[in-house]
Amino acid sequence: MKKKKSIMDHIAESNKAVTTGIDEKDIEHWVEIHVMGKSYKVPAGLTIMQAMEFAGYRFIRSAGCRAGFCGACATIYRKAGDYKLHAVMACQTRVEDGMFLVQIPFAPADKAIYDIDKESYGVNTLLKYYPELARCVACNTCTKSCPQDLEVMDYIQDAIKGDFKKVAEESFDCIQCGLCAIRCPAELVQYHIAQLARRMFGRYECSEPKELNTRLKEIKKGQYDSAWKKLLKATAKELEKMYAEREREPD
Amino acid sequence: MTEVKYIKGYPENMRRLIDTVHKTRIKRKDYSPPAMSKEEREDVLKLHPDFAPGGKRKISIGQNKGDIGPNEVVDLLEAFPLVEDGEIDLSVVDYEPDILIIGGGLAGTSAAIWANNQGIPAEKILLINKLRHGDANSIMAEGGTQAADRPNDSPVIHYLDAMGGGHFANKPDVLKALVEDAPLIMHWLIQLGAMIDREENGEFTEKWGGGTSRRRMHACRDYTGLEEFRVLRDEFRNRKIPNLEFYPAIELLTDGDGRVTGAILCNLETSEYEIVKAKSTILATGGFGRLHIRGFPTTNHYGATCDGIVLAYRAGAKLRDTDTVQYHPTGAAFPPQIIGLLLTEKLRSMGAQPVNKDGEAFVFPLEPRDVEAASFIRECYVRDKGILTPTGMRGIWLDTPLIEMKNGEGTIDKAFPGMKRMFERFDIDMREDPVLVFPTLHYQNGGVETDPEGKTSVEGLFVAGEISGGVHGKNRLMGNSTLDCMVFGRRAGIYAAEYVKKTKRKGKLSLEHVKQYVDMLKKAGIKPERKAPIILPDYRGKAVLARMIDVF
């Protein structure tokens, strides 16, 4: 009994830093960061998000999935003596000594309204909804500000040409954080343009999976009704037996 | 102290252990330990956090009095409300939709779209979010969505897989609905333009999931939930369905006679409350990973704090299977910045092998999640074959280079861009080196009991997604959660719409149920020390908290 309990205790103890907040006495290395101009000494090795929490910030905005998928924690920073403006996700970036940072929790952006069922799959569809596409000056600022390292400018150029496939594939890993749209001198909202392109591509260029359609018909005409009857009548023991004896398809 | 020296993302001592993994890889390439027998599974499960002694207690009040739940959950069920009867003016109604949907992940968003399809006008639907629309576990789903659509598969086989994985505790009628609707949901997604991985002939690319007997995992690279969700959100926006962000529900409202009639919302930034009066309410608030059950890290998003369960329970809804929690076997254990984050099961389904300190493959890689997780704990803490990190965590190698060895170079770039990117940010190349994993708190198996229409035991209240219990029994299989959200989001949307069209009852607004609940708490001798829902976790530094003063 005692031994098993200690396993759980040990696991809880080793995870303390991410579950209950960090204890100063466990910290060996420190760095100084500047949150909106205010300086804080924080443990080295934390993410920006963890470091801000350590410093006493409790997030309402600027924290979402905390795992790099949602784009809520878009953050920009400069370091002293360096002209470069970096764009990162706070939950996925380690703090560095001398960071001057601010978070961008929201991007004002207009999204086109359309009906995917009625839209025509033509080269001008993206330009029709987002005519400002033509304003792109190919400055590459969007690409440089993408925390996912996507080739944003490339897909915008493909969007101007109406190449849905290229836009869809190049933009696929977009987390819609809004940093490209905030930085764009031509005032494009790249991620909405890409969203429309991906849906158009998914809807109109990927063929119907035949096997799925067959299965839908089978279910509709009640092909599995007798199997269901048998299965739902089975006793717990019979179910266990069926489960144990079911065959696994070869790898 | 000198700084630890890192070589390609790993400290020297871990780097030395990686050499053993490299050396043994070729021997392990075509070998896998066999799947465990029922007896072996039962034996290793004794080490699982659900079964290891401690950590749970009986619920002392309400519908499920006497049932067992994790201490952290029971704490919230036995907590006092944020507002009590008499403190709120219920006479001024701010919103009056036909259908109120609380929670905008895959489940809530599906419900909104299908309620609209069912004839409820957009302006008579209201979706509210605690954080942003989409700040949910849904978008973090990496591995895939199950649907039995290949010729050698069937909904019946899908049912049997899920039933066995759930330890035969699944509620049959809802599980049948889940597997039977799965192909329909895949069809819906592609009609909306979701980019699901395809083969050259147009058929879906389908992979293994733990505990399944067929390949039926549909993925969108390793951004499955993100792709499914952003397509649904885009469709939701095209329909102009009203949507509030940073407005959590802090209590449901009832007519005082057992029917839910709306909710109290709170503007998270101004703390102003607002009143919603609704003919039906759908709770789609997700799970409870941020409660850090038994001190585990979690894969869950910032807002996964069990709010919906607390609200539903006070309104009289019945819960089930509250005694089990899902720990995902492969949470990140290194580097410390990403401890607990999800490393998709798809890594194992495409050949990555769990390996111990001595370079041995010690477990069949695709056991159901509870069995796989327990075997990692055994390897680390009973057999002492885990790998120790600089922060004192023990973990198991997940030998990701095997993926490329088995499926060809470039596979990781194509199938796991999200994972690769995450490790690259910390200088680790998962194509060349293994990554370190340990179980992480992942999913709330149980929840509010429903019928196949998403109805709860309380009139006017529907639930969908992780908040519900029954469909996954005591343990969910990979790929059944995104599916659950969309199947029951759709169903809840449709049947809530039908309910709205039929109901003639007047919607009186009261906190009578809360008053009764508080009476029960007092009668049970519970002191008003805790309040719930907790809305968000608190990770602020201890030193700052100790010196915080309230001046403003």
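A note on names: the letters A, B, ... follow the listed sequences, proteins ahead of strands, and every chain is numbered from 1.
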- Just by distance, with hydrogens left out, do B/Arg237 and A/Gln195 show a side-chain donor and acceptor under 3.5 Å apart? no
- Message: Evaluate A/Lys111 against B/Asn238 for side chain to side chain donor-acceptor pair (under 3.5 Å), listing each step before the verdict.
- Response: CA-CA 9 Å; A/Lys111 189 194 98 69; B/Asn238 279 350; 2.6 Å; yes
- Heavy-atom distance under 4.5 Å between the side chains of A/Arg248 and B/Trp208, does that happen here? yes
- Query: Contact part of B/Lys176 toward chain A, heavy-atom cut-off under 4.5 Å: side chain, backbone, both or neither?
  - Reply: both
- Message: At a 4.5 Å cut-off on heavy atoms, which part of A/Arg246 comes close to chain B: side chain, backbone, both, or neither?
- Response: side chain
- Query: Measuring heavy-atom distances to chain B, does A/Phe172 have an atom under 4.5 Å in its side chain, in its backbone, in both, or in neither?
  - Reply: both
- Query: B/Asp234 and salt bridge (Lys or Arg N to Asp or Glu O under 4.0 Å): which partner among A/Arg199, A/Arg203, A/Arg198?
  - Reply: A/Arg199
- Query: Out of A/Glu169, A/Met49, A/Glu13, which one racks up the most heavy-atom pairs below 4.5 Å with chain B?
  - Reply: A/Glu169
- Query: Using non-hydrogen atoms only, which part of B/Arg215 is less than 4.5 Å away from chain A: side chain, backbone, both, or neither?
  - Reply: both
- Task: Check whether A/Ala168 gets within reach of chain B through its side chain, its backbone, both or neither, counting any heavy atom under 4.5 Å.
- Result: both
- Could you check which of A/Ser14, A/Pro209, A/Ala12 has the highest count of heavy-atom pairs closer than 4.5 Å to chain B? A/Pro209
- Item | Portion of A/Phe201 that has a non-hydrogen atom of chain B nearer than 4.5 angstrom | side chain
- Note on the structure: Okay, B/Thr298 and chain A: the region with an atom under 4.5 Å from a heavy atom over there is neither
- Task: For residues B/Arg540 and A/Phe54, determine if any side-chain heavy atom of one lies less than 4.5 Å from a side-chain heavy atom of the other.
- Result: no
- Query: Measuring heavy-atom distances to chain A, does B/His301 have an atom under 4.5 Å in its side chain, in its backbone, in both, or in neither?
  - Reply: both
- Just wondering, do B/Pro417 and A/Gln148 contact through their side chains at under 4.5 Å, heavy atoms? no
- Between B/Asp135 and chain A, which part of the residue has a heavy atom less than 4.5 Å away: side chain, backbone, both or neither? side chain
- Query: Picking from B/Arg214, B/Arg150, B/Arg216, what satisfies side-chain hydrogen bond (donor to acceptor under 3.5 Å, both in side chains) with A/Glu249?
  - Reply: B/Arg150
- Message: For chain B, which candidate among A/His192, A/Lys16, A/Met52, A/Gln92 shows the most heavy-atom pairs at distances under 4.5 Å?
- Response: A/Gln92
- Residue selection (most heavy-atom pairs with chain B, distance under 4.5 Å) from A/Leu216, A/Leu232, A/Asn15, A/Asp173: A/Asp173
- Query: What pair of heavy atoms forms the shortest contact from B/His187 to A/Asn213, and how long is it?
  - Reply: ND1-OD1, 4.0 Å
- Side chain B/Arg230, main chain A/Cys174, donor-acceptor under 3.5 Å: yes
- Task: Counting only heavy atoms closer than 4.5 Å, note whether B/Arg547 contacts chain A via side chain, backbone, both or neither.
- Result: neither
